Amino acid sequence: MNNLKFGNGKWEEEKRGDGVKWTFLEHKGPVFAPLYEPLPDDVGFYYDGKKMKLSLPAEEVATFYARMLDHDYTTRDVFNNNFFKDWRKMMTSEEKSTITDLKKCNFKQMYEYFKAKSEERKNMSKEEKKKIKTQNEAIQKEYGVCMMDGHKEKIGNFKIEPPGLFRGRGDHPKQGMLKMRINPEDVIINCSSDSKIPQPPAGHRWKKVLHDNKVTWLASWTENIQGQTKYVMLNAASKLKGEKDWQKYEIARKLHRTVDKIRAQYREDWKSKEMRIRQRAVALYFIDKLALRAGNEKEEGETADTVGCCSLRVEHIKLHDEFDGKENVVEFDFLGKDSIRYYNTVSVDKRVYKNLKIFMDNKQPGDDLFDRLNTSIMNKHLNNLMEGLTAKVFRTYNASKTLQEQLNLLTNPDDPVPAKLLSYNRANRAVAILCNHQRSVPKNFSKQMETLQTKIDAKKDNIRDAKKQLKEAKANFKASKNPKNKMVYEKKKKAVERLEEQLTKLEVQATDKDENKEIALGTSKLNYLDPRISVAWCKKCNVPLEKIYNKTHRAKFQWAIDMAGPDFEF
DNA sequence: TCATGCACTTAGGACAAAGGCC
DNA sequence: GGCCTTTGTCCTAAGTGCATGA
C-alpha cells in the first residue's frame, strides 16, 4: 500500500509497504485520573433511613451512582442491578450484610453535595478560573504532545479514563457496571527504544514498555467491562492521521471512477443461480444505495442488539407490493450503531424485491436475512472488484458525492454569503440524512423556536413602521425638494433595507434551525465529506473558510486546504 | 472456516467556553 | 455586565476490518 506523505511543502506519494508507522516516538506517558477524595463527614449516605459511614472503596462507587441520580440511567432496572451487584463487590462484609436492597439506599445528600460543588465551580472568580486554565495548559504542554519523526504532535486523549459506571448506549446489558480505576501497572507504553522512556508516577511501574513501530498508539490498557483494549493515540490534526484521512478519500474517489462497473456487476448478480451470490448482490445494493454500514456479527448478550447490512434479520424489514403509491417497497426498521433507529421506506428494483421475498421464505423473524453472507465474504468480494475496496468506502463515497452534487445544485453564485451558507448546510444535511446521523432534539428547542418566531414577528412590525415612515419622508421630499428632506428620505430608505436584511437573516436562521433539529451535521463533516470539496467550494464562491470549518476542523483538514484549488472536483 | 484479538475510525452526548443580546 | 444560547471540545462507546491461529 502506498503511503501519502507531506514533504517539501507539498503532498506527494511515498512507497512504504512494510506497515512501519514511525521511526522515532517519544512522549511522557498518559495522565492518570485524580485519586478519590473522601466525602466530608456532613455528607452522608443513608440506608433504610439511617445514616451510615461507608468504607472508602464502597463510598467511592456510591458517589459514581449519586452523581447520576438525575440521569435517566438510574431509572433502568438493568443499570441498577448491574450497579448494585458491582457495588456490593466493593463493600466490606459488614456493609454487604447490611446493604441488601438498592431501593433502601438514599444518595440524596451526596447528589446535592456534587451539585453544589459544580455550582461552585461555575461561580468561581475570574482569577480562580484563570489559575485552573493555566494549570491545564501546563499539563497539556507536558503530557499532551509527543515527538514523532521530528514533528511535535498533539495527542488526542492523553488522559486515562477515570473510574465510573459504564454508560453503554441503548439497551446495553452491561450498563451500570463498575468501570475500574486504571493504574500504571495496567498500562503498556509504546515508544522508540532510543527515546526518553516515560517515567511512571512515583512508587509505580508500567505493565510493559514496548517499541512497536508497526502501530500508532502511545499507550494502551484493557478495560474491565468488555475486556477491550483502549489506546492513547495522536490528535486528528497530526500528520499521521492526516495522511490516513487523505488516503481514505483517495480510495473513495477511486470507487467513484469504477462504481458504474460495480453497479452493473451486482445488478447482474441479482439473477445468479446461486443464493449466496444473490444475497451478496442485494446486500451490496443496500450498502450502495442506502449507505448502510457493513454489519459485523456481535456476540449476543454482550452488547446492545444492533445491526448493519449483513447482520439484518427478517424482523427488520417489511415488504409492501405497494406503499404510498410506490411499487416494491422495502420498509426498514432497525437499530444501528449507538442504537440509533434507522427507519426508511424504499422503492427497490423488482429483482431485488423478488429476491428478498425468497430470502425471507420459511424464516423466523429472528433469523438472518442474508444467511449466506457476512462482512468478511462481502469485503473479500469487494477487494476483488477494486483494490482497497471495503463496505465502508461506499459510505464515504456516497457521502462525498452527495455533497458535491448538492453544492452544485443548490449554490447560487449571486447569493449573499448567509444564503450560500444555508445552501452548504442543506447539502451537508442531505448527507447527514443519507448516513442517518441523528441527534436528540435539543432541550428547550420548541421554546427557542418560539422566541425566534417572536423576533421575526417583531421585525416584521418594525419593517411595516419603517416603510410607513419612508413613504412619508418620500412624500415630504417630493413636495419640498429641500436637501434636508432628501437626507431624511435616504436615511429612512437605508433603515428599511437594513431591517429587511435582518429579517432575512432571522428567517434563514429559523429555517435552518427547524430543518436541523434532529440531524447531526458534525459527524459527516468530520468523517465522511472529502474536505477538498468544501475547501474548493469556499474558494470558488468567495465564502470565508472559517464559516464552514472552525479551528479544529481547519487543523484536521490542513492537508486539504493546502491541496484543493477552486476547481477541485471529487 | 471460524472465532478471537487487535488497531483503528466513527459516533452521540456531556460539559465548558465563547458569543450575542438586553 | 449578566444571562442565555450556541458552538467547540472532550469523552468514551461502538463500530469496521484485518491478522492470526486452531
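By convention in this document, chain letters (A, B, ...) are assigned in the order of the sequence lines, proteins followed by strands, and residues within each chain are numbered from 1. Given the structure is predicted, the values throughout are model-derived calculations rather than measurements. Reckoned from all heavy atoms, side chains included, excluding hydrogens, waters and symmetry mates.
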To the nearest Å, how far apart are [X] [atom1] and [N] [atom2]?
| X | N | atom1 | atom2 | answer |
| --- | --- | --- | --- | --- |
| A:Leu373 | B:dT1 | CG | P | 13 Å |
| A:Gln247 | C:dT16 | CD | P | 21 Å |
| A:Glu302 | B:dT4 | CD | C1' | 13 Å |

Check the phosphate of [N] against [X], side-chain N and O only, distance under 4.0 Å to OP1 or OP2. Yes or no?
| X | N | value |
| --- | --- | --- |
| A:Asn296 | C:dT16 | yes |
| A:His71 | B:dG13 | no |
| A:Ser220 | B:dC6 | no |
| A:Ser440 | B:dG13 | yes |
| A:Lys21 | B:dC8 | yes |
| A:Lys241 | B:dT9 | yes |
| A:Lys248 | B:dT10 | yes |
| A:His172 | C:dA13 | no |
| A:Gln226 | C:dA14 | yes |
| A:Tyr528 | B:dA11 | yes |
| A:Thr306 | C:dG15 | yes |
| A:Arg395 | B:dA11 | yes |
| A:His553 | C:dG8 | no |

Of all the choices, [options], which nucleotide is nearest to the side chain of [X] once you look at every atom?
| X | options | answer |
| --- | --- | --- |
| A:Thr552 | B:dA16, C:dT9, C:dA14 | C:dT9 |
| A:Lys179 | B:dC8, C:dT12, C:dA14 | C:dT12 |
| A:Ala294 | C:dG17, B:dA7, C:dG15 | C:dG17 |
| A:Asn379 | C:dG17, B:dC8, B:dA11 | C:dG17 |
| A:Lys337 | B:dC8, C:dG17, C:dA14 | C:dA14 |
| A:Trp217 | B:dA11, B:dA7, C:dC11 | B:dA7 |
| A:Lys244 | C:dT16, B:dT9, C:dA13 | B:dT9 |
| A:Lys230 | B:dA11, C:dT12, C:dG17 | C:dT12 |
| A:Arg169 | C:dA14, B:dT9, C:dT16 | C:dA14 |

Applying a 4.0 Å non-hydrogen cut-off, can you work out what [X] is touching in the nucleic acid: base, sugar-phosphate, or nothing?
| X | answer |
| --- | --- |
| A:Gly295 | sugar-phosphate |
| A:Ala304 | nothing |
| A:Thr375 | nothing |
| A:Glu223 | nothing |
| A:Arg67 | nothing |

Scan side-chain atoms only and decide if [X] and [Y] contain a donor-acceptor pair under the 3.5 Å cut-off.
| X | Y | result |
| --- | --- | --- |
| A:Ser524 | A:Asn428 | yes |
| A:Asp149 | A:Thr23 | yes |
| A:Tyr424 | A:Ser534 | yes |
| A:Asp72 | A:Thr75 | yes |
| A:Lys298 | A:Thr306 | yes |
| A:Tyr65 | A:Asn80 | yes |

A:Lys122 or A:Arg439: which one's nearest nucleotide on DNA chain B is closer to the 5' end?
->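 Its nearest nucleotide lies further toward 5', so the answer is A:Arg439.
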
Secondary-structure stems, DNA chain B, at least 3 Watson-Crick or G-U base pairs under 3.5 Å =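 The stems that DNA chain B takes part in, listed by first number, are B:1-22 with C:1-22.
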
Are the charged groups of [X] and [Y] less than 4.0 angstrom apart, N to O?
| X | Y | answer |
| --- | --- | --- |
| A:Arg181 | A:Glu60 | yes |
| A:Lys241 | A:Asp245 | no |
| A:Lys254 | A:Glu250 | no |

Atom pair OG/NZ of A:Ser220 and A:Lys230 - distance to nearest 0.5 Å |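 Separation between the atoms: 12.5 Å.
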
Of A:Asn550 and A:Arg293, whose closest DNA chain C nucleotide lies nearer the 5' terminus?
->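 Nearer the 5' end of the strand: A:Asn550.
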
Let me know, please, whether A:Arg167 or A:Glu297 comes out on the 5' side of the other along DNA chain C by nearest nucleotide.
->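 Comparing both residues, the 5'-ward one is A:Arg167.
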
Relative to each other, are the rings of A:Trp559 and A:Phe557 parallel, tilted or perpendicular (30° and 60° limits)?
->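 Rings of A:Trp559 and A:Phe557: perpendicular, as their planes differ by over 60°.
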
Look at the rings of A:Tyr342 and A:Phe334 and say which category their plane angle falls in: under 30° parallel, 30 to 60° tilted, over 60° perpendicular.
->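 Because their plane-to-plane angle is under 30°, the rings of A:Tyr342 and A:Phe334 count as parallel.
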
Donor/acceptor link under 3.5 angstrom from A:Lys392 side chain onto base of B:dT10 |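 Checked by distance alone, the answer is no.
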
Quick one, which residues of residues 516-525 of chain A touch DNA chain C with a heavy atom under 4.0 Å?
->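 Here the set is empty: none.
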
